[in-house]
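First the proteins, then the strands, lettered A, B, ... as listed; each starts at 1. Just so it is clear, the structure is predicted and the values come from calculations on it, not from any experiment.
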Amino acid sequence: MPELPEVETIKRDLTKKIIGQKIVDIKINKPKIIKEPSADLFKKGIIGEKVKEVKRIAKVLIIKFREDKFLVIHLRISGWLLYGKEDPRARVVFVFSGGKCLNYMDQRVLGELKLRKSYSDLKFIKTLGPEPFDMSPEDFKKLIKGRSTKIKVLLLDQTLIAGIGNIYAQEALFLAKIDPKRPAKSLKESEAGRLYEKIISILKEAIKYKGSSVDSYRDLSGGRGGMEQRLRVYSRKGKPCPVCNKPISKIALGGRGTCFCPNCQR
DNA sequence: AATGGGACCTGCGCGC
DNA sequence: TGCGCGCAGGTCCCAT
């Protein structure tokens, strides 16, 4: 599911709901989701703690209990969080003192929960590139300069630029009218500037509309995001391009499906 | 450095 | 109807 806009949506909603609340029980229905420490220590370590803060770094969600105690959540593809009553499908359930629950939902069981003393030392976090919002257009131009990787594959490389996933990479390239197959270094200065601008605008739009519920992703209350009906090319193979009406194509790049308009994107 | 493959998991939709 | 296959928002790891 979740790219930067979806995780940001969860972070904002979660902040409103759980700050200051105390966790009194945890039910682990799928121990595999708990990557560290053991399921038992994970439980013992969190029960009794109050939520101090909710943070997001790229696509990673972090719940702070203390200066040296953090719950690190990576939703991977199908993870999402549901706040309210306990859900039978939940992989892990956090029970608050008021009786409300935070359900960790994850159909494909690819997500990860970790309880740690810190998060900044996690390899994945340490190697993250800057988020688009923390870059200047010049930073972005420097980033793509000299790289022969296909531009769409580059946008998905979290060590170079963090937070973009397969939906918004395709959408940004469409808005910028750039063919996703092009080597990064083939982009002219003006094209790179345009792409950077569209990355920012698509992420802002997606945050504004609370993300895309293309498949399993739902917001904290179980509602759908409003962004999916605004997607221009993602998952629209064969349908008319919203600009020129010619059919959208789909190819594989870096092993990921990639939709684009061969007529508009050059 | 870049590319391609497979792995991790489950469930859906499609074509036969 | 039923079954097998391909595919899915992410990341890691290996080989070339």
Side-chain angles (χ1 to χ4, degrees), chain A residues 1-10 29-36 56-61 72-81 88-92 104-114 122-129 131 143-174 180-186 199 202-203 205-207 209-219 224-238 250-259:
Chain A
M1 82 156 241
E3 305 182 23
L4 187 156
E6 287 76 22
V7 182
E8 177 65 19
T9 302
I10 296 171
N29 301 325
K30 203 71 165 173
K32 195 156 224 168
I33 294 288
I34 314 292
K35 301 296 179 186
E36 67 170 277
R56 177 191 63 72
I57 298 179
K59 304 173 189 173
V60 182
L61 201 58
V72 180
I73 304 177
H74 200 310
L75 302 159
R76 289 291 179 95
I77 291 187
S78 62
W80 55 288
L81 294 173
R89 299 164 297 169
R91 304 304 191 181
V92 179
Y104 175 77
M105 313 293 287
D106 191 348
Q107 188 177 79
R108 288 171 69 182
V109 205
L110 293 170
E112 313 187 323
L113 302 184
K114 295 175 179 169
L122 277 168
K123 186 184 166 227
F124 178 72
I125 304 265
K126 268 198 297 197
T127 57
L128 280 176
E131 293 189 10
L143 182 68
I144 66 176
K145 205 173 169 188
R147 294 186 188 269
S148 52
T149 320
K150 293 175 179 68
I151 184 62
K152 192 250 179 169
V153 173
L154 183 150
L155 293 181
L156 295 181
D157 185 338
Q158 304 296 301
T159 69
L160 298 178
I161 181 167
I164 303 171
N166 203 27
I167 295 180
Y168 301 117
Q170 293 169 55
E171 295 297 311
L173 285 161
F174 173 76
K181 302 188 288 301
R182 283 178 56 188
K185 63 182 176 191
S186 76
I199 288 168
I202 193 73
L203 293 178
E205 183 184 4
I207 291 171
Y209 288 93
K210 298 184 179 295
S212 306
S213 292
V214 166
D215 190 1
S216 57
Y217 171 74
R218 296 294 182 274
D219 69 19
R224 304 182 73 92
M227 188 61 196
E228 85 229 44
Q229 62 244 46
R230 307 184 66 84
L231 299 177
R232 283 80 168 173
V233 288
Y234 177 81
S235 193
R236 300 195 70 245
K237 178 190 173 188
K250 185 175 181 185
I251 57 173
L253 292 180
R256 316 290 306 276
T258 306
C259 296

Side-chain N or O of [X] less than 4.0 angstrom from OP1 or OP2 on [N]?
{"X": "A:R108", "N": "B:dC8", "value": "no"}
{"X": "A:K59", "N": "C:dT11", "value": "yes"}
{"X": "A:Q158", "N": "C:dT11", "value": "yes"}
{"X": "A:K123", "N": "C:dT11", "value": "no"}

[X] side chain: which of [options] is closest?
{"X": "A:Q107", "options": "B:dG11, B:dT3, C:dG10", "result": "B:dG11"}
{"X": "A:H74", "options": "C:dA8, C:dT11, B:dT10", "result": "C:dT11"}
{"X": "A:K250", "options": "B:dA2, C:dG10, C:dA8", "result": "C:dA8"}
{"X": "A:R147", "options": "C:dA8, B:dT10, B:dA2", "result": "B:dA2"}
{"X": "A:L110", "options": "C:dG10, B:dT3, B:dT10", "result": "C:dG10"}
{"X": "A:K30", "options": "B:dC9, B:dT10, B:dT3", "result": "B:dT10"}

Nearest-angstrom distance, P atom, B:dC8 to C:dC3: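 Each nucleotide's P atom is 25 Å from the other's.
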Using the C1' atom as the reference point in each nucleotide, state the distance between C:dG2 and B:dC9 in Å, no decimals.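 It comes out at 24 Å once rounded to the nearest Å.
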[X] has an atom [atom1]; how far is it from atom [atom2] of [N], in whole Å?
{"X": "A:L231", "N": "C:dA8", "atom1": "CG", "atom2": "C1'", "answer": "15 Å"}
{"X": "A:I33", "N": "B:dC9", "atom1": "CD1", "atom2": "P", "answer": "9 Å"}
{"X": "A:E112", "N": "B:dA7", "atom1": "CD", "atom2": "P", "answer": "19 Å"}
{"X": "A:I167", "N": "C:dA8", "atom1": "CD1", "atom2": "C1'", "answer": "10 Å"}
{"X": "A:N166", "N": "C:dA8", "atom1": "CG", "atom2": "P", "answer": "8 Å"}
{"X": "A:L154", "N": "B:dA1", "atom1": "CG", "atom2": "P", "answer": "13 Å"}
{"X": "A:L156", "N": "B:dT3", "atom1": "CG", "atom2": "C1'", "answer": "14 Å"}

Quick one: does A:P180's side chain get under 4.5 Å of A:Q170's, heavy atoms only?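 No; the side chains remain at least 4.5 Å from each other.
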Hey, does A:R224 have a side-chain heavy atom less than 4.5 Å from the side chain of A:R218?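 Of all side-chain heavy-atom pairs linking A:R224 with A:R218, at least one is under 4.5 Å.
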Quick one: label [X] by what it contacts on the DNA or RNA (base, sugar-phosphate, nothing), any heavy atom closer than 4.0 Å.
{"X": "A:Y168", "result": "nothing"}
{"X": "A:G255", "result": "nothing"}
{"X": "A:V109", "result": "sugar-phosphate"}

A:L156 pairs by side-chain contact (heavy atoms from CB on, under 4.5 Å) with which of A:T149, A:I161, A:N166?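 Checked A:T149, A:I161, A:N166 against A:L156; only one passes side-chain contact (heavy atoms from CB on, under 4.5 Å): A:N166.
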Modelled atom types, side-chain donor and acceptor of A:Y217 and A:E228, under 3.5 Å: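 No, because no side-chain N or O of A:Y217 sits under 3.5 Å from a partner of the opposite role on A:E228.
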Pick one: which of A:H74, A:K32, A:R76, A:K35 meets side-chain hydrogen bond (donor to acceptor under 3.5 Å, both in side chains) with A:E112?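 Only match with A:E112 under side-chain hydrogen bond (donor to acceptor under 3.5 Å, both in side chains): A:R76.
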Minimum heavy-atom distance between A:V109 and A:K30, given as atom pair plus value: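 So the two residues come closest at CG1-CG, 3.7 Å.
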According to a 3.5 Å limit on both distances, what stems of 3 or more consecutive Watson-Crick or G-U pairs are formed with DNA chain C?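 The stems that DNA chain C takes part in, listed by first number, are B:2-8 with C:10-16, B:10-16 with C:2-8.
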Would you compute the distance between atom CH2 of A:W80 and atom OG1 of A:T9 and round it to the nearest 0.5 angstrom?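 Between atom CH2 of A:W80 and atom OG1 of A:T9 there are 14.5 Å.
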For the pair A:Y168 and A:E205, evaluate side chain to side chain donor-acceptor pair (under 3.5 Å) and give the outcome as yes or no after the intermediate values. CA-CA 10 Å; A:Y168 301 117; A:E205 183 184 4; over 6 Å; no
